[in-house]
Amino acid sequence: MFSSANVTTLFRTLLPHPWSTTIVPVRSKNYLNRPRLRNPVWFVKKTRTLHNEQFTEDNTAFLNEVKRETILTAANRNQSNLIKLAHEEHNGQLAEWSPGLKRTGVIAKKIGQYPLWTQNGQKIRTTLLQIIDNEVVKYIPPEEYRPAQEPRQSRNWRKPYGCLLVGAEHGDPSLFTKDYAGLFAHSGVLPKKHLCRFLISPEAQLPPGTALTVNHFRVGDFVDVRGLTVDRGFQGVVKRHGFKGMPKSHGVTKTHRRPGNIGAGGGKARVWPGTKMPGHMGNRWRVLRGLQILRINPQYNVLWVMGSNIAGSTNGIVYIYDTILPMRKHGAKGVPAGPPPFPTSLQPPADVGDIWLDELHDFRKLSITYNSSE
């Protein structure tokens, strides 16, 4: 029998304490999609209890100005220093990409939907995803992220993955707890509102403070997007599973939206697992794979991704990765994009305007021309 202390020690070994407040996006584990009913014992509280400090209006305005300048200074960090630091981390030479390597992902915000048209007039529905202030907080090598195991006990024991902690969206440092703000103490990055751990190859590691922009992807690349569906609460079978319901004619009493007979009588005398019944709807992690990037705006770090059914509500957080589909990933046959920026694009974004896919119609260009004789 395991005691509560032993279970706590076991989980702390699997998930180190300081980084356990983040999300580890695993795209093949269904049990991780379920929401937890309570936080684990090692959970680090993010926000602190606010008290009335009795500040005057002038003092409050001064503190807000200092906070704003601090955040802007961190957001406008010189990218050339990051490039120099990255070369120093890799002994002056960056690793080259190969089909077996795994890059980091980014944290984005779902900001809306917008239609695009191809050159032959076909309409395409897209979702706009904005990459908001993504910066690397820490890299954890494979030997530290996962405890040493015997060979062949790990699924990826030949080439183990490391862990890259990425933060997004600058936050007010005075709103976070001391423990949570301590996660960013040695990275030179302001406390972030959102954190996520990405499993990467050791060759794709990045130094702390490296900014991840929209140039991490290119137009035409295929990505996987993971988001949390809208929480609908407890719903019946009509809304949850799309049942038709009972007739609304004479003789039908109070059964218009009920499920009806579920076929659990006879010798079975029980409800079979998987039966469509009323229950909690939404609040589940869902992944859409193989979505193509059709348009990029480098100025505001916005991606136009094909599809309008990405999980999450407006202004919700999603996670974007290189796709794992064999026929659409980098280096696959028929994908003309070529090698991606590896480990990421360290060049500052160029002010060239929006970048469109060749098959799309660019509305900045003329579509109909007339000769002078006409």
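The chain is numbered in sequence order, starting from 1.
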Are the side chain of [X] and the backbone N or O of [Y] linked by a donor-acceptor pair below 3.5 Å?
X: K138; Y: P207; result: no
X: N59; Y: F55; result: no
X: T127; Y: G307; result: yes
X: R103; Y: P341; result: yes
X: S313; Y: V230; result: no
X: E69; Y: V66; result: no
X: R289; Y: L325; result: no
X: T177; Y: Y180; result: yes

- request: Report the C-alpha distance between Y319 and W285 in whole Å, list the side-chain angles of each, state the deciding distance to 0.1 Å, and finish with yes or no for side chain to side chain contact (heavy atoms under 4.5 Å, CB included).
  value: CA-CA 11 Å; Y319 306 98; W285 290 99; 3.5 Å; yes
Can you tell me how far [atom2] of [Y] sits from [atom1] of [X], rounded to the nearest 0.5 angstrom?
X: K248; Y: M246; atom1: NZ; atom2: CE; value: 11.0 Å
X: K46; Y: L175; atom1: NZ; atom2: CG; value: 11.5 Å
X: I200; Y: L164; atom1: CD1; atom2: CG; value: 4.5 Å
X: K102; Y: K329; atom1: NZ; atom2: NZ; value: 9.5 Å
X: T104; Y: I320; atom1: OG1; atom2: CD1; value: 11.5 Å
X: T229; Y: N309; atom1: OG1; atom2: CG; value: 12.5 Å

Quick one: do [X] and [Y] end up in the same hydrophobic cluster if we chain Ile, Leu, Val, Met, Phe, Trp and Tyr together by side-chain heavy atoms under 4.5 Å apart?
X: V219; Y: L128; value: yes
X: L294; Y: Y300; value: yes
X: L360; Y: L129; value: yes
X: F222; Y: F217; value: no
X: I324; Y: M327; value: no

- request: List the steps and the verdict of salt bridge (Lys or Arg N to Asp or Glu O under 4.0 Å) for E135 and K192.
  value: CA-CA 9 Å; E135 290 182 331; K192 301 286 187 176; 3.3 Å; yes
field: Test side chain to side chain donor-acceptor pair (under 3.5 Å) applied to N301 and T213, step by step
entry: CA-CA 6 Å; N301 283 330; T213 63; 4.8 Å; no
I need the minimum non-hydrogen distance between [X] and [Y], along with the two atoms involved.
X: G227; Y: A311; answer: O-CB, 3.6 Å
X: Y139; Y: G162; answer: OH-CA, 4.1 Å
X: H170; Y: D133; answer: CD2-OD2, 3.2 Å
X: I296; Y: R218; answer: CD1-C, 3.8 Å
X: L206; Y: P343; answer: CD2-CG, 3.4 Å
X: L291; Y: M306; answer: CD2-O, 3.5 Å

message: Tell me whether the count of non-hydrogen atoms from other residues, nucleotides or ligands lying under 6.0 Å of CZ in R48 goes above 12.
response: yes
- request: Assess whether atom CD of E65 is packed by more than 12 heavy atoms of other residues, nucleotides or ligands within 6.0 Å.
  value: yes
- prompt: Once the angle between the rings of H241 and F243 is folded into 0 to 90°, is it parallel (under 30°), tilted (30 to 60°) or perpendicular (over 60°)?
  reply: tilted
Close side-chain approach of [X] and [Y], heavy atoms under 4.5 Å:
X: W304; Y: W356; result: no
X: R226; Y: R286; result: no
X: D322; Y: D224; result: no
X: P202; Y: P141; result: no
X: R284; Y: L228; result: no
X: P273; Y: R270; result: yes
X: N297; Y: V214; result: no
X: L195; Y: V137; result: yes

Report, one line per pair, each donor and acceptor closer than 3.5 Å where one atom sits in a side chain of residues 106-119; sequence neighbours left out.
from : atom 1 : to   : atom 2 : distance (Å)
K110 : NZ     : I310 : O      : 2.8
K110 : NZ     : G312 : O      : 2.8
Q113 : NE2    : S308 : O      : 3.2
T118 : OG1    : N120 : OD1    : 2.3
T118 : OG1    : Q122 : N      : 3.0
T118 : OG1    : Q122 : O      : 3.4
Q119 : NE2    : D358 : O      : 2.9

- prompt: So H216 and N134, side chain to side chain donor-acceptor pair (under 3.5 Å) or not? Walk me through it.
  reply: CA-CA 11 Å; H216 187 71; N134 278 222; over 6 Å; no
- prompt: Which is it for D231 and H280 under the side chain to side chain contact (heavy atoms under 4.5 Å, CB included) test, yes or no, and what are the steps along the way?
  reply: CA-CA 8 Å; D231 189 3; H280 193 99; 2.8 Å; yes
- prompt: Are a donor atom and an acceptor atom from the side chains of D172 and S174 found within less than 3.5 Å of each other?
  reply: yes
- prompt: Of the options V305, I124, L357, D221, which is the one that meets Q292 in a side chain to side chain contact (heavy atoms under 4.5 Å, CB included)?
  reply: L357
task: List the steps, then state whether side chain to side chain contact (heavy atoms under 4.5 Å, CB included) holds for L199 with Y145.
output: CA-CA 10 Å; L199 301 181; Y145 177 63; 3.5 Å; yes
message: F342 vs L101, test: side chain to side chain contact (heavy atoms under 4.5 Å, CB included). Steps then yes/no.
response: CA-CA 9 Å; F342 189 83; L101 298 180; 3.4 Å; yes
